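For reference, the structure is listed below as structure tokens.
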Amino acid sequence: MKVVLQNLTKIFPSRNKKSNAEVVAVNDFTFTIPDGKLIGLLGPSGCGKSTTLYMISGLQKPSGGQIFFGDDDVTALSAENRGVGLVFQNYALYPHMTVKQNILFPLQNLRGADKLTKNEMLERAYNAAKLVQIDELMDRKPSELSGGQQQRVAIARALVKMPKVLLLDEPLSNLDARLRLQTREEIRRIQKETGITTIFVTHDQEEAMSISDMIVVMKLGVVQQTGKPQEVYDDPTNLFVAKFLGTPPINVFSGRVEGEKLYIGDAAVLDVKGVEDQEVTVGIRPEGFVLDENGPLKCKLNSVEIMGRDVSIVSTHEASQNPVIRSIINADNKVESAETVSYSLKPHKVFLFSKQDENRIRF
Ligand code: ADP
Ligand code: MG
């Protein structure tokens, strides 16, 4: 099911009686989620991810704009009638019910033409449980399950109604690191098997990048950029997006352009054809540094961290806006212990941003 968001906006009235400052939680969000894809909705806490999801689900009413499922305008439709499955961070299972009863619960409330026989319900519940691999645990209570298992139950409960759209709000945040990794792969597998259009909300860029067909990066209620994860990483539209994606994060420097050359400190580090003379903010991806004795960018070497396949070189530079610069170099390179480390730069890993509005300056 294709989902279309058109100028979707949510304004919350002021909570504080003294000020009338309303909160624009979601501001003019327009985006089409293609049928059968998994979209990662990504951004820092408070940027409007949950609000967007709740409007799509029907739990919250937009202040403006429209939502379409396929060609149908569902903006005024109640949550029950939208055919969405919703999974929250905290699982929200019924503690006094068994796993089976939890999964059956949404089916028992179906009325009219949708009403199922007892056997049909059981079959659907077992199919959903098998899909998330908890069919052996059907008689347990939630308290007898691990966090990861509880989240699987919550996913099965969302899937059992065969939703047209699956909405996941930070579903992995309560899991430990290893389970988080495993469960996110599970979610991807389930999504591919069922082909359900899915929106996955997270503040974790690595999580979103690893499982999404497309990502949507938000800041303060405003969509910053949409695209395939790799495309957004390789071609960020502004400094915020460049900084938000990538581990280790992008290295940020103060620089200036003079005579179509980029300077960091006194060194001309790169040719930047067509860019006017100005002060700029420079972002360099960790993999954008090349060890080069004669390289123009000279940094003070702090330490070298061996990470197996790669080596991470930690250094400092006066013009760096971060306390340290982290570069990632193939471990085949030998790093001499010395006071300074010299780099040349891979041009496509270097981004320039305007000092005024932090938008990308292309060269
Ligand atoms: P996220 O899920 O990205 O962390 P939210 O969508 O929960 O962000 O919140 C977006 C903004 O809207 C925040 O500033 C938040 O404080 C505000 N907000 C969310 N829900 C309400 C509400 N019910 N009333 C007032 N403000 C709200
Ligand atoms: Mg949220």
Side-chain angles (χ1 to χ4, degrees), residues 3 5-31 33 38-67 74-75 78-79 82 84-93 147 150-151 154-155 158 163 165-175 180 183-184 187 197-212 214-227 229 232 236-246 249:
V3 176
L5 312 181
Q6 205 156 3
N7 308 107
L8 198 61
T9 297
K10 179 72 181 181
I11 300 171
F12 291 109
S14 157
R15 275 191 260 202
N16 181 339
K17 286 205 181 87
K18 283 187 213 135
S19 87
N20 319 318
E22 36 181 43
V23 177
V24 186
V26 178
N27 195 347
D28 204 20
F29 192 154
T30 296
F31 185 61
I33 299 157
L38 191 157
I39 301 300
L41 187 53
L42 178 64
S45 178
C47 74
K49 305 181 296 293
S50 295
T51 306
T52 303
L53 216 58
Y54 298 160
M55 287 194 283
I56 298 171
S57 74
L59 291 179
Q60 264 173 6
K61 202 173 154 321
S63 314
Q66 286 161 296
I67 302 164
V74 300
T75 319
S78 70
R82 282 196 196 184
V84 297
L86 198 52
V87 175
F88 299 97
Q89 171 178 346
N90 60 5
Y91 327 133
L93 300 176
Q150 289 186 53
Q151 194 53 297
I155 295 169
V165 180
L166 182 62
L167 305 173
L168 306 162
D169 193 357
E170 312 237 10
L172 309 179
S173 298
N174 283 4
L175 306 180
R180 208 151 59 217
T183 313
R184 86 180 185 207
I187 288 176
T197 307
T198 300
I199 305 171
F200 182 101
V201 161
T202 177
H203 62 272
D204 182 334
Q205 58 89 23
E206 197 195 332
E207 206 166 276
M209 300 269 285
S210 64
I211 67 167
S212 308
M214 282 179 93
I215 56 171
V216 175
V217 185
M218 287 181 87
K219 174 193 173 188
L220 293 172
V222 181
V223 173
Q224 305 291 303
Q225 193 168 0
T226 63
V232 179
T237 186
N238 60 33
L239 183 60
F240 175 83
V241 174
K243 281 163 107 170
F244 201 75
L245 300 185

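First listed ligand is number 1; within each ligand, the first listed atom is number 1. Quantities reported herein were computed from a predicted structural model and do not represent experimental measurements. These values consider heavy atoms only, across backbone and side chains, with no hydrogens, waters or symmetry-generated copies.
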- Provide, to 0.1 Å, the distance between atom 26 (N) of ligand 1 and the closest protein heavy atom, together with that atom's residue and name. Arg15 NH2, 3.1 Å

- Element-labelled atoms of ligand 1 that are located less than 4.0 Å from some non-hydrogen atom of Ser50: 1 (P), 2 (O), 6 (O), 7 (O)

- Query: With no hydrogens and no angle check, is any side-chain donor or acceptor of Ser212 less than 3.5 Å from a backbone partner on Met209?
  - Reply: no

- Near Ser45 (heavy-atom distance under 4.0 Å), the atoms of ligand 1 are 4 (O)

- For Gln205 and Gly246, the nearest pair of non-hydrogen atoms, with its separation, is OE1-N, 2.9 Å

- Item | Distance-only N or O hit between ligand 1 and Gln60, under 3.5 Å | no

- CD of Gln60 to CG of Leu53: how many Å apart, nearest 0.5 Å? 10.0 Å

- Item | N or O contact, Phe12 vs ligand 1, cut-off under 3.5 Å | no

- Task: Keeping the roles fixed (side chain from Arg82, backbone from Thr75), state whether a donor-acceptor pair exists under 3.5 Å.
- Result: yes

- Item | ligand 1 contacted by Gly43 (non-hydrogen, < 4.0 Å) | no

- Task: Take atom CG of Leu220 as the centre, draw a 6.0 Å sphere, and report whether it contains more than 12 heavy atoms from other residues, nucleotides or ligands.
- Result: no

- Query: With distance as the sole test, does Lys49 use its side chain to make a donor-acceptor pair with the main-chain N or O of Leu42 at under 3.5 Å?
  - Reply: no

- Query: Looking at Ala25, which atoms of ligand 1 are within less than 4.0 Å of one of its heavy atoms?
  - Reply: 10 (C), 11 (C), 12 (O)

- Item | Heteroatom test (N, O or S) for Ser50 near the Mg ion (ligand 2), limit 2.8 Å | yes

- Note on the structure: atom 5 (P) of ligand 1 has as its nearest protein heavy atom Thr51 OG1, 3.6 Å

- Message: Counting only heavy atoms closer than 4.0 Å, does ligand 1 sit against the backbone of Val23, its side chain, both, or neither?
- Response: side chain

- Task: Note the single closest protein heavy atom to atom 4 (O) of ligand 1, along with its residue, its atom name and the distance in Å.
- Result: Gly46 N, 2.6 Å

- Message: Below 30° counts as parallel, above 60° as perpendicular, anything between as tilted: where do the rings of Phe31 and Phe29 land?
- Response: tilted

- Message: Is it the case that the side chains of Glu207 and Thr202 hold a donor-acceptor pair, with the cut-off being a distance below 3.5 Å and no angle test?
- Response: yes

- Task: Kindly say whether Ile11 contributes a backbone atom to a donor-acceptor pair with the side chain of Ser63 at under 3.5 angstrom?
- Result: yes

- Nearest to atom 8 (O) of ligand 1, what protein heavy atom do you find, and at what distance? Gly48 N, 3.2 Å

- Message: Counting only nitrogen or oxygen atoms and a 3.5 angstrom limit, does Pro13 reach ligand 1?
- Response: no

